[in-house]
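Heads up, the thing below is written out as structure tokens.
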Amino acid sequence: MAVRTLLSKKTLTTVLRNDPKPIGAAITQSRGLHVFTLPDLAYDYGALEPVISGEIMQIHHQKHHQTYITNYNKALEQLHDSVAKADSSTTVKLQNAIKFNGGG
């Protein structure tokens, strides 16, 4: 559903014709991709101690959340490539990865 919303029939036609008109923020930036980065926390990792240890917060933020960001960017890049190749099967298959990694 996310890809369907992002890439309407008009959008897909525009991409496939290499029309220079803007078709969405995530696709119109350099090489058509917007790269997402993990923002810093607004507080110190140890701010929730003793309830949650600073080490657990650091691992959770720097490893766990970074993995979502990395996989989301990877799925968006694959989406960009599949749309450019008019590979609708791959485009549809990427919906779950985009929703899972970017939806939270």
Side-chain angles (χ1 to χ4, degrees):
M1 186 64 149
V3 174
R4 202 171 318 153
T5 302
L6 178 64
L7 300 172
S8 66
K9 185 175 181 180
K10 180 179 178 184
T11 302
L12 285 172
T13 305
T14 303
V15 169
L16 297 177
R17 286 185 303 163
N18 293 323
D19 196 326
K21 296 177 195 168
I23 55 173
I27 297 179
T28 57
Q29 298 188 7
S30 126
R31 210 196 124 179
L33 297 175
H34 178 87
V35 177
F36 293 90
T37 58
L38 183 66
D40 292 332
L41 291 180
Y43 50 88
D44 186 63
Y45 291 127
L48 301 176
E49 288 183 346
V51 178
I52 301 174
S53 77
E55 182 181 3
I56 294 297
M57 285 297 295
Q58 184 176 9
I59 290 169
H60 188 75
H61 182 252
Q62 292 179 350
K63 305 262 188 223
H64 183 76
H65 286 275
Q66 183 60 54
T67 300
Y68 284 115
I69 299 291
T70 301
N71 290 336
Y72 185 59
N73 284 329
K74 181 179 173 183
L76 289 177
E77 184 176 344
Q78 290 172 346
L79 173 66
H80 178 74
D81 293 342
S82 69
V83 168
K85 295 176 185 174
D87 183 359
S88 59
S89 175
T90 301
T91 300
V92 170
K93 288 178 185 176
L94 287 168
Q95 289 181 15
N96 285 336
I98 291 169
K99 183 170 62 172
F100 179 78
N101 291 295

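Along the sequence shown, the residues carry numbers beginning at 1.
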To the nearest 0.5 Å, what is the distance between NE2 (His80) and NZ (Lys85)? 10.5 Å
Please determine whether side chain to side chain donor-acceptor pair (under 3.5 Å) holds for the pair Thr70 and Gln66, giving the CA-CA distance in whole Å, both sets of side-chain angles, and the decisive distance to 0.1 Å. CA-CA 6 Å; Thr70 301; Gln66 183 60 54; 3.2 Å; yes
Which heavy atom of Ala75 sits nearest to which heavy atom of Ile98, and what is that distance? CB-CG1, 3.8 Å
Joint cluster assignment, Tyr45 & Ile52, ILVMFWY side-chain distance < 4.5 Å: yes
Between Ile69 and Phe36 the two heavy atoms that sit nearest each other are CG2-O, 3.3 Å
Kindly assign one of parallel, tilted or perpendicular to the pair His64 and Tyr68, based on the angle between their ring planes and the thresholds 30° and 60°. perpendicular
Would you say the side-chain atoms of Asn73 pair up with the backbone N or O of Val35, donor to acceptor, closer than 3.5 Å? no
Separation of Gln78 CD from Asn71 CG (nearest 0.5 Å): 9.5 Å
Hey, what do you get for CE (Met57) to CG (Asp44), rounding to the nearest 0.5 Å? 9.5 Å
Rounded to the nearest 0.5 Å, the CD atom of Glu55 sits from the CD atom of Glu49 at a distance of 9.5 Å
If the test is side chain to side chain donor-acceptor pair (under 3.5 Å), which one of Asp87, Thr90, Thr91 qualifies with Ser82? Thr91
Just so I know, are the side chains of Tyr72 and Phe100 near enough to count as touching, which here means a heavy-atom distance under 4.5 Å? no
Are Leu38 and Leu41 linked, directly or through intermediate hydrophobic residues, by side-chain heavy-atom contacts shorter than 4.5 Å (ILVMFWY only)? no
